[in-house]
A.B. asks: 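Here's a structure for you.
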Amino acid sequence: MTALDPALVVDWFAAHARDLPWRRPGFSAWGTLVSEFMLQQTQVARVVPILEDWLRRWPTPADLAAAPPSEVLRAWGRLGYPRRALALHACATTIAEQHGNVVPEDVDALLALPGIGDYTARAIAVFAHGHRHPVVDTNVRRVIARAVQGVAQPGPPNARRDLPAMAALLPEDLVAQRAFNAGTMELGAIVCTARAPRCGECPLADVCAWRLAGHPEPDGPPPRRQARFEGSDRQRRGRVMAELRASDVPVSEAELAQVLPDPEGRARILAGLERDGLAARSEGGWSLPL
DNA sequence: AAATCGGGGGG
DNA sequence: CCCCCAGATTT
């Protein structure tokens with residue numbers, strides 16, 4: 001494994017970074033936190049418009065904390081995984097009440113907040129506050145797997161290995177490490193993509209261990225195939241949530257039956273949503289939680 | 001370690 | 001059609 005000159009990534013990023021809201025000068029730490037919640041498993045292009053509406057409406061944690069969950073879930077719209085919206089709301093409440101309405105800077109303090117894990121905590125510490133930490137998302141894991149380890153795909157996510165691997169590459173300089181973190185992510189997002197990497201446009205092409213080895217195929221057992229979405233409980237949950245978001249009054253069991261005809265499946269889905277705090281029984285039917 | 005959790009983009 | 005996506009949490 002060669003060292004991999006961080007300047008290759010930093011210089012490429014300076015020239016090719018996409019113009020995204022969270023890269024605007026003066027973008028708030030709160031805005032960065034909100035963007036990171038929305039970006040957990042949802043693509044950039046879908047996040048941007050919702051994020052801008054969201055920050056206009058709730059410019060600080062206390063503003064969001066004061067809103068009812070029903071409105072938070074409506075504003076979340078179709079971003080997916082609506083439990084993230086509830087976690088973000090809870091996160092805002094904790095920041096408003098326990099951190100003086102200021103987004104914490106320490107990774108440990110961030111990790112203690114709901115909905116924030118290894119990636120998000122470090123992303124906020126680095127991008128919102130300029131601290132030095134390895135930021136490892138799926139893009140970074142893929143770039144390291146290829147450029148450094150010489151394999152087509154990273155192994156399963158494991159912070160015990162992934163964080164030190166990125167830390168070993170991270171420049172000491174505070175400005176450079178931030179650009180290296182962001183640049184490595186960006187490289188994985190738009191050049192070193194999972195499906196069809198654009199090695200011809202890659203600043204690491206000449207030093208990439210995977211390319212130099214002749215792009216060997218993935219080894220080991222193939223990953224378990226993702227379950228079908230069509231006909232899944234996830235699709236059913238999504239349909240119920242869409243109905244609840246669209247109605248100002250409780251949605252009757254009969255109305256829900258038009259979306260989920262099977263009584264047994266309907267009961268299972270509603271019980272799950274209720275347990276997750278995403279739906280509430282009310283007089284005459286089901287509603288978003290107030 | 002594996003399952004669960006939405007919904008859509010793009011090869 | 002199928003894989004992938006700026007992951008976190010629970011089992």
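Here the structure is a predicted model, which means the values were calculated and not measured. Values below: every heavy atom of this structure, side chains too, minus hydrogens, waters and symmetry copies. Each chain gets a letter, A, B and so on, in the order its sequence line appears, and its residues count up from 1.
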A.B. asks: Would you mind reading off the distance between Arg78(A) atom CZ and dC5(B) atom P, rounded to a whole angstrom?
C.D. replies: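 Rounding to the nearest Å, CZ of Arg78(A) and P of dC5(B) are 17 Å apart.
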
A.B. asks: In whole angstrom, give the distance that lies between atom CG of Leu278(A) and atom C1' of dT4(B).
C.D. replies: 13 Å

A.B. asks: Rounded to whole Å, how long is the line connecting atom CD of Gln41(A) with atom P of dC4(C)?
C.D. replies: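 The distance from CD of Gln41(A) to P of dC4(C) comes to 12 Å, rounded to the nearest Å.
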
A.B. asks: Are a donor atom and an acceptor atom from the side chains of Tyr119(A) and Gln40(A) found within less than 3.5 Å of each other?
C.D. replies: no

A.B. asks: At a cut-off of 3.5 Å, list every protein nitrogen or oxygen paired with a nitrogen or oxygen from nucleotides 9-11 of chain C, distance to 0.1 Å.
C.D. replies:
residue: dT9(C); atom: OP1; partner: Gly115(A); partner atom: N; Å: 2.6

A.B. asks: Go through the structure and list residues passing side-chain contact (heavy atoms from CB on, under 4.5 Å) with Val151(A), not counting sequence neighbours.
C.D. replies: Ala145(A), Gln149(A)

A.B. asks: In whole Å, measure the gap between the C1' atoms of dC1(C) and dC5(B) for me.
C.D. replies: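 It works out to 23 Å between them.
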
A.B. asks: Without decimals, in angstroms, what is the distance between Gln153(A) CD and dC3(C) C1'?
C.D. replies: 10 Å

A.B. asks: Rounded to the nearest angstrom, tell me the gap between atom CG in Asp137(A) and atom P in dA8(C).
C.D. replies: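 Result: 10 Å.
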
A.B. asks: Is there a donor-acceptor contact under 3.5 Å from the side chain of Arg161(A) to the main chain of Gly155(A)?
C.D. replies: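 No, Arg161(A) side chain to Gly155(A) backbone: no donor-acceptor pair under 3.5 Å.
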
A.B. asks: Do the side chains of Leu204(A) and Cys192(A) get nearer than 4.5 Å, heavy atoms only?
C.D. replies: no

A.B. asks: How far does the C1' atom of dC4(C) sit from the matching atom of dG6(B), given to the nearest Å?
C.D. replies: 14 Å

A.B. asks: Any side-chain donor paired with an acceptor under 3.5 Å for Glu105(A) and His131(A)?
C.D. replies: yes

A.B. asks: In whole angstrom, what separates Glu230(A)'s CD from dC3(C)'s C1'?
C.D. replies: 17 Å

A.B. asks: Is it the case that dG8(B) (base atoms only) and Thr42(A) (side chain only) share a donor and an acceptor within less than 3.5 Å, ignoring hydrogens and angles?
C.D. replies: no

A.B. asks: Would you call Asp118(A) and Arg122(A) a salt bridge, using N to O less than 4.0 angstrom?
C.D. replies: yes

A.B. asks: Rounded to the Å, how far apart are Trp76(A) CH2 and dG7(B) P?
C.D. replies: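 Going from CH2 in Trp76(A) over to P in dG7(B) covers 12 Å.
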
A.B. asks: Rounded to whole angstrom, note down the P distance from dA8(C) over to dG8(B).
C.D. replies: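 dA8(C) and dG8(B) have their P atoms separated by 23 Å.
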
A.B. asks: What is the distance, rounded to the nearest whole Å, between atom CG of Leu273(A) and atom P of dC5(B)?
C.D. replies: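 For the pair Leu273(A) CG and dC5(B) P, the rounded distance is 9 Å.
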
A.B. asks: Go through Asp173(A) and Gln177(A) one step at a time and tell me if the side chain to side chain donor-acceptor pair (under 3.5 Å) criterion holds.
C.D. replies: CA-CA 6 Å; Asp173(A) 179 77; Gln177(A) 63 91 23; over 6 Å; no

A.B. asks: Report, one pair per line, the protein and nucleotides 9-11 of chain B atoms (nitrogen or oxygen only) whose separation is under 3.5 Å.
C.D. replies:
residue: dG10(B); atom: N2; partner: Arg195(A); partner atom: NH2; Å: 3.1

A.B. asks: Would you classify Arg268(A) as touching base, sugar-phosphate or nothing, given that sugar-phosphate means primed atoms plus P, OP1 and OP2, and contacts are heavy atoms under 4.0 Å?
C.D. replies: nothing

A.B. asks: Do Gln235(A) and Ser232(A) get their side chains close enough for a donor-acceptor pair, meaning under 3.5 Å?
C.D. replies: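 Looking only at side-chain atoms, Ser232(A) and Gln235(A) do not form any donor-acceptor pair under 3.5 Å.
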
A.B. asks: Honestly curious: do Val136(A) and Leu110(A) fall in one hydrophobic cluster under the side-chain, below-4.5 Å linking rule?
C.D. replies: no

A.B. asks: DNA chain B: Gln235(A) or Asn158(A), which has the more 5' nearest nucleotide?
C.D. replies: Asn158(A)

A.B. asks: Please list residues of residues 118-136 of chain A whose heavy atoms come under 4.0 Å from any atom in DNA chain C, ordered by number; otherwise none.
C.D. replies: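 Asp118(A), Tyr119(A), Thr120(A) - these, ordered by number, are the residues of the stretch whose heavy atoms sit under 4.0 Å from the strand.
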
A.B. asks: For Pro82(A), which contact category applies under a 4.0 Å heavy-atom criterion: base, sugar-phosphate, or nothing?
C.D. replies: sugar-phosphate

A.B. asks: Is there a continuous path of hydrophobic side-chain contacts, each under 4.5 Å between heavy atoms, that joins Leu33(A) to Leu111(A)?
C.D. replies: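 Hydrophobic grouping puts Leu33(A) apart from Leu111(A).
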
A.B. asks: If you group Ile, Leu, Val, Met, Phe, Trp and Tyr by side-chain heavy-atom gaps below 4.5 Å, do Trp54(A) and Met241(A) land in one group?
C.D. replies: no

A.B. asks: Examine dG7(B): is either OP1 or OP2 under 4.0 Å from a nitrogen or oxygen in the side chain of Arg237(A)? Give yes or no.
C.D. replies: no

A.B. asks: Under 4.0 Å: is that the gap between some side-chain N or O of Thr138(A) and OP1 or OP2 of dA6(C)?
C.D. replies: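 Checking dA6(C) against Thr138(A), no side-chain N or O comes under 4.0 Å of OP1 or OP2.
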
A.B. asks: Are Arg224(A) and dA2(B) close enough that a side-chain N or O sits under 4.0 Å from OP1 or OP2?
C.D. replies: no

A.B. asks: What I want to check is whether the side chains of Asn139(A) and Arg142(A) have a donor and an acceptor closer together than 3.5 Å.
C.D. replies: yes

A.B. asks: Please enumerate all residues that pass side-chain contact (heavy atoms from CB on, under 4.5 Å) together with Thr42(A), with sequence neighbours excluded.
C.D. replies: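 With neighbours one apart ignored, the set is Arg46(A), Val47(A), Leu79(A), Arg84(A).
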
A.B. asks: Could you tell me whether a side-chain N or O of His133(A) sits under 3.5 Å from a main-chain N or O of Ala123(A), the two making a donor and an acceptor?
C.D. replies: no

A.B. asks: Which dot-bracket string describes DNA chain B (Watson-Crick N1-N3 plus N6-O4 or O6-N4, or G-U N1-O2 and O6-N3, all under 3.5 Å; [ ] crossing; | other strand)?
C.D. replies: |||||.|||||

A.B. asks: If you look at every heavy atom in His129(A) and Pro104(A), which pair is closest and at what distance?
C.D. replies: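 So the two residues come closest at NE2-O, 3.0 Å.
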
